[in-house]
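Working notes, structure below.
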Amino acid sequence: MEQKKKVFIETYGCQMNFSDSEIVGSILLENDYIPAADMKTADLILMNTCSIRDNAEQRVRKRLSELHSLKRKNPSLVIGILGCMAERLKDKLLEEEKHIDLIVGPDGYRSLPKLLEQVESGQKAINTLLSIDETYADINPVRLSGSGITAFISIMRGCENFCAYCVVPYTRGKERSRNPRSIVDEAINLYAQGFREITLLGQNVNSYLWNEEGSLTDFPGLLRQVAGTHPEMRVRFATSHPKDLSDNLLKVMADFDNVCKAIHLPVQSGSSRMLSLMNRSYSREWYMERVEAIRRILPDCSISTDIITGFCGETEEDHQETLSMMRWAEYDYAYMFKYSERPNTIAAKKYRDDVPEEVKSSRLDEIIALQQELSLKSNRDDIGKVFCVLAEGTSKRSVNHLFGRNSQNKVVVFEKENNKPGDYVNVKIESCSAATLKGTVIQT
Ligand code: SAM
Ligand code: SF4
């Protein structure tokens, strides 16, 4: 019998990429591949890449030079690049990195078995066609993350918002949503397999819209259906675009205990002038009104954000507005980045990347320091409260402790006692750092 080939997939970037790697894994497993325990034993290495900032691409390039030496030792090793870098650079990547055999963009994964045959016949293979309707709805992803408790469900793909700084509309193509029935079925299957938390994923998850012969399912409608599958299945979603954060969505979140009370709402900048240059389609005031709506309808909801510092033309005054927005919103958590110019985006074509590197760095330091204070304050305010925590696994620091998350998406560590991953545990918070809550189990 022919021995099955071993594949190793390394994933970079956002949760969408991790979810896509599970789809790729599923396609390959159906085509006679098995997972390799590590890179060194693999016959096929796939890197699912990210282009969002220059340093994301540089990391992949560095890794590729390491793979070069593996290929020298084992010339039959096949190396493929998937995802956003594949889409952005296309055959240029094949010219620049001679040891790559295969390039596949985010909408081309179904063609992988064919492309691999082509590679086996000694040719290089490439598919970077973008699609208007590919959602991989019928593919049952293999769950690579391994916890067996939490899983991603990708519900929409692509983006057409064209924020001035962003490469995503060019690498992931047009916005399209997935059939709601296939999403609900996936949620039901995951519960039956023992999963207890799903995260609905999309570049702008709350822009989800399915049209079936004139009958529309929007994101609040979909969330209602998914949350209704089982009261013990927690539901999260990411990332929300502020423009589509409707009161209706907040009300559905309020209606279901199992819809987690955590919203990731990227602000990018606190200055309306910057937001307009960024083409974000909302102003500072409009965003603040949406935060007020969250506070009004979901008083115990956490809010996290993304911030870009040093975008084209950003002044000290604009920067101060970002800091004041952060203080006002009291974000529980934030992902903070220096602006990185991406080729062919609107900003690269129209504006000058004119904030000096050292100014970008010092503004980023200030933003990170402020967020550290805000996260610590938010966690300190939780001391004494009792949260229902879904246990996900054993704590890295101690085998006698479990870790999990509360509804607000904060990591909570507590003594194991008789609990195991997958259990819902009531934990009273006793202490904290800026990143973690620690507590003791309360018997109910
Ligand atoms: N679709 C989501 C939204 O609009 O809020 C965000 C998706 S993007 C993959 C994740 C984050 O990367 C963005 O929210 C933004 O903060 C950051 N980002 C995108 N392009 C960037 C760039 N050129 N430089 C620095 N950060 C960038
Ligand atoms: Fe990029 Fe803007 Fe689309 Fe988000 S909404 S993926 S930041 S273009």
Side-chain angles (χ1 to χ4, degrees), residues 11-20 48-59 83-85 87-88 106 130 154-176 199-208 219 237-245 263-271 274-282 286-287 290-291 303-314 322 325-326 331 333-353 355 357 360-361 363-364 367-368 371:
T11 309
Y12 293 78
C14 64
Q15 292 169 327
M16 279 299 285
N17 260 12
F18 283 83
S19 168
D20 280 1
N48 195 355
T49 60
C50 169
S51 284
I52 200 85
R53 282 168 290 279
D54 184 55
N55 59 10
E57 290 201 0
Q58 291 316 322
R59 274 181 65 205
C84 289
M85 256 178 101
E87 193 61 52
R88 192 177 87 71
L130 285 172
S154 170
I155 67 158
M156 54 94 68
R157 300 177 72 82
C159 176
E160 285 164 67
N161 290 327
F162 291 95
C163 297
Y165 49 81
C166 188
V167 77
V168 169
Y170 310 92
T171 60
R172 290 193 156 261
K174 288 203 174 298
E175 191 170 299
R176 67 217 97 126
T199 303
L200 305 177
L201 286 184
Q203 293 300 343
N204 300 290
V205 74
N206 54 336
S207 313
Y208 175 91
F219 186 64
F237 55 88
T239 294
S240 301
H241 195 295
K243 76 178 167 61
D244 291 315
L245 192 92
I263 297 180
H264 188 62
L265 199 66
V267 65
Q268 313 300 0
S269 169
S271 150
M274 280 291 109
L275 290 170
S276 163
L277 283 176
M278 287 175 166
N279 200 23
R280 280 295 284 179
S281 76
Y282 54 85
W286 197 91
Y287 181 94
R290 287 294 79 207
V291 171
I303 305 181
S304 53
T305 201
D306 291 351
I307 295 171
I308 298 178
T309 188
F311 183 62
C312 311
E314 187 188 70
T322 297
M325 172 67 97
M326 292 171 72
Y331 292 115
Y333 189 80
Y335 295 98
M336 298 153 282
F337 313 104
K338 275 194 272 191
Y339 170 58
S340 163
E341 186 178 86
R342 308 310 293 131
N344 298 321
T345 53
I346 296 169
K349 287 183 188 155
K350 275 178 60 180
Y351 311 136
R352 271 189 41 228
D353 181 11
V355 178
E357 190 54 33
K360 283 184 186 171
S361 294
R363 286 181 187 164
L364 181 66
I367 284 173
I368 291 174
Q371 187 52 50

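For this chain, numbers begin at 1 and follow the sequence in order. Start at 1 and go down the list; that is how both ligands and their atoms are numbered.
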Considering only non-hydrogen protein atoms, determine which one is nearest to atom 12 (O) of ligand 1 and report residue, atom name and distance to 0.1 Å.
R53 NH1, 3.3 Å
Residue N204 vicinity, atoms of ligand 1 by number, heavy atom under 4.0 Å
1 (N), 4 (O)
Below 4.0 angstrom from a heavy atom of K338, which ligand 1 atoms are there? Numbered from 1 as shown, please.
24 (N), 25 (C)
Counting only nitrogen or oxygen atoms and a 3.5 angstrom limit, does Y339 reach ligand 1?
no
Taking side chain as C-beta onward, heavy atoms only, is R280 less than 4.5 Å from P242?
yes
Looking at atom 1 (N) of ligand 1, what's its closest protein heavy atom, distance included?
Q203 O, 2.8 Å
Test your reading of the structure: does R280 have an N or O sitting under 3.5 Å from an N or O of ligand 1?
yes
Nearest to atom 9 (C) of ligand 1, what protein heavy atom do you find, and at what distance?
I52 CD1, 3.5 Å
Polar protein atoms (N, O or S) that approach atom 2 (Fe) of ligand 2 to under 2.8 Å
C163 SG
Please report the interatomic distance CZ(R59) to CZ(R53), rounded to the nearest 0.5 Å.
10.5 Å
Checking side chain to side chain contact (heavy atoms under 4.5 Å, CB included) for the pair D353/K360: CA distance, chi angles, key distance, verdict?
CA-CA 11 Å; D353 181 11; K360 283 184 186 171; 2.9 Å; yes
May I have the step-by-step check of side chain to side chain contact (heavy atoms under 4.5 Å, CB included) for C159 and N204, ending in yes or no?
CA-CA 7 Å; C159 176; N204 300 290; 3.3 Å; yes
Give me the ring orientation class for F337 and Y335: parallel if the planes are under 30° apart, tilted from 30 to 60°, perpendicular past 60°.
parallel
Would you find a donor on one side and an acceptor on the other, under 3.5 Å apart, between the side chain of Y351 and the backbone of Y165?
no
Could you tell me whether T239 and ligand 1 have an N or O pair separated by under 3.5 Å?
no
Enumerate the atoms of ligand 1 whose separation from the nearest heavy atom of Q268 is less than 4.0 angstrom.
5 (O), 13 (C), 14 (O), 15 (C), 16 (O)
Verify, without hydrogens or angle tests, whether N279 (side chain) and F162 (backbone) share a donor-acceptor contact under 3.5 angstrom.
yes
Per atom 13 (C) of ligand 1, closest listed option by heavy atom (D306, T345, L265)
D306
Would R342 count as being in polar contact with ligand 1, using the rule that some N or O on each side must be under 3.5 angstrom apart?
no
Criterion side chain to side chain donor-acceptor pair (under 3.5 Å) against H264, the qualifying member of T305, D306, T239:
D306
To which protein heavy atom is atom 24 (N) of ligand 1 closest, and what is the distance rounded to 0.1 Å?
S340 N, 3.1 Å
Heavy atom of the protein closest to atom 20 (N) of ligand 1 (residue, atom name, distance):
Y165 CD1, 3.3 Å
Have a look at ligand 1 and work out which part of F337, if any, has a heavy atom under 4.0 Å from it: side chain, backbone, both or neither.
side chain
Taking side chain to side chain donor-acceptor pair (under 3.5 Å) as the definition, give me every residue that meets it alongside Y170, ordered by chain and number, with sequence neighbours left out.
none
Test log, rule side chain to side chain contact (heavy atoms under 4.5 Å, CB included), inputs C84 and R172
CA-CA 7 Å; C84 289; R172 290 193 156 261; 3.6 Å; yes
With heavy atoms of P266 as the reference, note each atom of ligand 1 found under 4.0 Å away.
5 (O)
With a 4.5 Å cut-off on side-chain heavy atoms, are Q203 and E175 touching?
no
In the protein, which heavy atom is nearest to atom 7 (S) of ligand 2, and how far is it?
Y165 OH, 3.3 Å
